[in-house]
2 protein chains.
Amino acid sequence: MPTRKPRSSRTGRATMADVATAAGVSAMTVSRALNRPDKVSEEVRARVAEASRRLGFVPSRLAAALATARSMTVTVLIPSLTNSVFIDVLAGIQETLSPHGYQPVIGVTGYAPEEEERVLRTQLASGPDGVILTGLDHTPATWDLLRGLPTPVVHTMDLARNFAGDTDDALTVGFSQFDAGHAVGRHLVERGRRRIGLIAGQLDPRTRQRCDGWRQALVEAGLHDPALELMVPDSTSVALGAELLERMLAAHPDLDALFLCNDDLAQGALFHCARRGIAVPGRLAVAGFNDLGGAAWTIPPLTTVATPRHAIGVEAARLLLAAINGNDNGPRSVDLGFRLMVRETT
Amino acid sequence: MPTRKPRSSRTGRATMADVATAAGVSAMTVSRALNRPDKVSEEVRARVAEASRRLGFVPSRLAAALATARSMTVTVLIPSLTNSVFIDVLAGIQETLSPHGYQPVIGVTGYAPEEEERVLRTQLASGPDGVILTGLDHTPATWDLLRGLPTPVVHTMDLARNFAGDTDDALTVGFSQFDAGHAVGRHLVERGRRRIGLIAGQLDPRTRQRCDGWRQALVEAGLHDPALELMVPDSTSVALGAELLERMLAAHPDLDALFLCNDDLAQGALFHCARRGIAVPGRLAVAGFNDLGGAAWTIPPLTTVATPRHAIGVEAARLLLAAINGNDNGPRSVDLGFRLMVRETT
DNA sequence: TGTTTCGATGTTACCGCTAACACCAAAGGC
DNA sequence: GCCTTTGGTGTTAGCGGTAACATCGAAACA
């Protein structure tokens, strides 16, 4: 009867104890050899490495996490996976956390604070070392949860000072959506436009802030006409942009400028103009938002607002890492600004 | 002196033992009340629920995972976060796994099999209950790792039968990249084009298969000219498409049709044509690949190949869930096909 | 009425790792 | 030469759950 290898684990995988036996040392020494090599003699280190390799040992992060109370994961909650804005933020987060051994774990909230609360609850069960959220509009229960957390929390895409609620002195990384919207409004005004409209979809708080900023700029110029605002809850798309512009022009043929709260809407609007022979910017000026991939490559190239999405992810992750490591003396709120990209549609 | 609440945990959070004490039962009963309510009397169930709520108890998934050897996580490895193709797949996976309580954990491989191996290694340390990979081109060591896994593995975006290596009878979900490329090539030939070029970036194995299919179609028609192939390793973008088309036209002004291996390249090509006054499809036919968001909204609308990205994610997750639950008698390879979207650029 | 059955609950022993402390031999100080 | 330091290693206990088995009272049965 052949002796079986002493793979003790239920999963059939080698455990630290197996490696210890094979290397003729204790489990603790194996742990040290792997995690704090300087604490172990060179000879033993080599024996452990060899045994470990031979058995194909993969240390269980689960067990380590349980023992050390550090999971090396970070919960990241975003509204949607299909909106490239959040994916860019996520990419920045992932690139920054990864080299430090932290694993982002993604939750999708569908733009709904209640769903966010639910997802956060389930994610907290796996004991993340930090949390990154989108926006500051959370349910009261979510704020309670966050307050009770022993780990740091960073909010992105918005700034505490722009939020109309108690933010608990939270860590925030973003830019002023209001100011960005305002800048677009003012730009259209300065271009001499008088009948300036607004089209928005996906009415999350950030979109609303942009709209508020735009409205404010128009009010300041004495040009605001509520009839020229078309806001729908549907998620944005090129098709929606074309459709909404058509509706708006039917009702207000005198429209001479338009702010669309996301570039895909703007792209749809440009398409509609091309199809209908509406001169851009001759008869209608068009501005978008976000400076997504193709914005510089529409015809004519789209005026829009470049938002620092990737940088927000990077900075949020940095702030979080600092907080995890106990550096709580850095900035609590980081404003990464935005840039109005004036191209040829205005 | 006020008595402190018996929060035993290091993290300050309530543990199951705390809830047990509060409810006047044993920890095991709490566990049962939460996980198998039918095994517990209604009265105790209520007491546990109440105590649990009062203490804000969140059961530690880590501890549960360690005890049950089920982490309820699935490792998902994708080449890039910024390519929307993989995000669409990911969204399908996430939507499908989530209702079953499984949490996708994402790893980014940067299109490099060696990096994939490295990322996989670190991810396996957290004991996922399943693995979903992109493509079938893995390092030998990766294949070894996968073979040794006690959990199921699904490969996406490709089909075992199209792969020129040993796939170990792996579970695969995808479509034939080769056939899709071939369909585009044949379509351009059938439109009567004679000087048909190819532009490709991001030369991963799937892109290469598309190119191979296209080439085969041209060879079959006796129209293949290697000089009309322009393949670069850079990642694709609208800007790159415009630039590469300019280069190709400079060298081959007689070009009358072009297949670009991704829609963003095609969009750039269309932009270049508009700028240079090149009639599409009059003088030059253009076809893209993937049917990304704006493809139907270019001017003119882009002929491209619609790929079932979301469905691939959904189906991959389904297959994986079935395998996790021991249903190994389903299909091992799922071909979700593709659709040639003939619009106005060809 | 005594025995069996069964549903509800408790006990024990881990899962795989690491913190904290114990231990021990060799090196260093006086 | 004796006592302290020190570097290397082992031991013990426990992280927060759960599987498996033990227990026990009441209902069901003979």
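Side chains included, hydrogens not; waters and symmetry mates left out as well; all remaining heavy atoms used. Chain letters run A, B, ... following the sequence lines, proteins first and then strands; every chain starts at 1. Computed from a predicted model, the values in this text were never measured in an experiment.
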According to the salt bridge (charged side-chain N to carboxylate O under 4.0 Å, His left out) rule, which pairs have a member within [range], sequence neighbours left out?
range: residues 311-322 of chain A; answer: Glu315(A)-Arg318(A)
range: residues 24-34 of chain A; answer: none
range: residues 136-149 of chain B; answer: Asp137(B)-Arg206(B), Asp144(B)-Arg147(B), Arg147(B)-Asp168(B)
range: residues 61-80 of chain B; answer: none

Among all residues two or more places apart in sequence or in another chain, which pass the side chain to side chain donor-acceptor pair (under 3.5 Å) test with [X]?
X: Gln103(B); result: none
X: Thr109(B); result: none
X: Asp328(A); result: none

Send over the distance from [X] [atom1] to [N] [atom2], rounded to a whole Å.
X: Arg61(B); N: dC15(D); atom1: CZ; atom2: P; value: 22 Å
X: Arg13(A); N: dC17(C); atom1: CZ; atom2: C1'; value: 14 Å
X: Leu55(A); N: dG16(C); atom1: CG; atom2: P; value: 14 Å
X: Asn35(B); N: dA19(D); atom1: CG; atom2: C1'; value: 12 Å

- Query: By side chain to side chain contact (heavy atoms under 4.5 Å, CB included), which residues pair with Ala160(B), not counting sequence neighbours?
  - Reply: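 Here the qualifying residues are Thr167(B), Thr172(B).
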- Query: Considering residues at least two apart in sequence or located in another chain, which fulfil the side chain to side chain contact (heavy atoms under 4.5 Å, CB included) criterion with Leu145(A)?
  - Reply: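 Once residues adjacent in sequence are excluded, the partners of Leu145(A) under the side chain to side chain contact (heavy atoms under 4.5 Å, CB included) criterion are Leu120(A), Arg121(A), Leu124(A).
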- Task: Measure from the side-chain N and O atoms of Thr82(A) to the backbone N and O of Asp88(B), and report whether any donor-acceptor pair falls under 3.5 Å.
- Result: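 A pair under 3.5 Å: no.
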- Under-4.0 Å salt bridge between Glu43(B) and Arg47(B):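 Yes, Glu43(B) and Arg47(B) are salt-bridged.
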- Message: Below the 4.0 Å mark, does dT18(D) have OP1 or OP2 next to a side-chain nitrogen or oxygen of Ser31(B)?
- Response: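 So the side chain of Ser31(B) is within the cut-off, an N or O lying under 4.0 Å from OP1 or OP2 of dT18(D).
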- Listed in order of residue number, which residues of residues 63-73 of chain A have a non-hydrogen atom at under 4.0 Å from DNA chain C?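 Nucleic-acid contacts, sorted: Ala63(A), Ala64(A), Ala67(A), Thr68(A).
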- Contact pattern, 5' to 3', of nucleotides 5-12 of chain C - B, S or - by protein heavy atom under 4.0 Å: ---SBBB-
- Item | Bending between helix ends of the helix from dT1(C)-dA30(D) to dC30(C)-dG1(D) [5 pairs per end, 10° resolution] |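 End-to-end axis angle: 40°.
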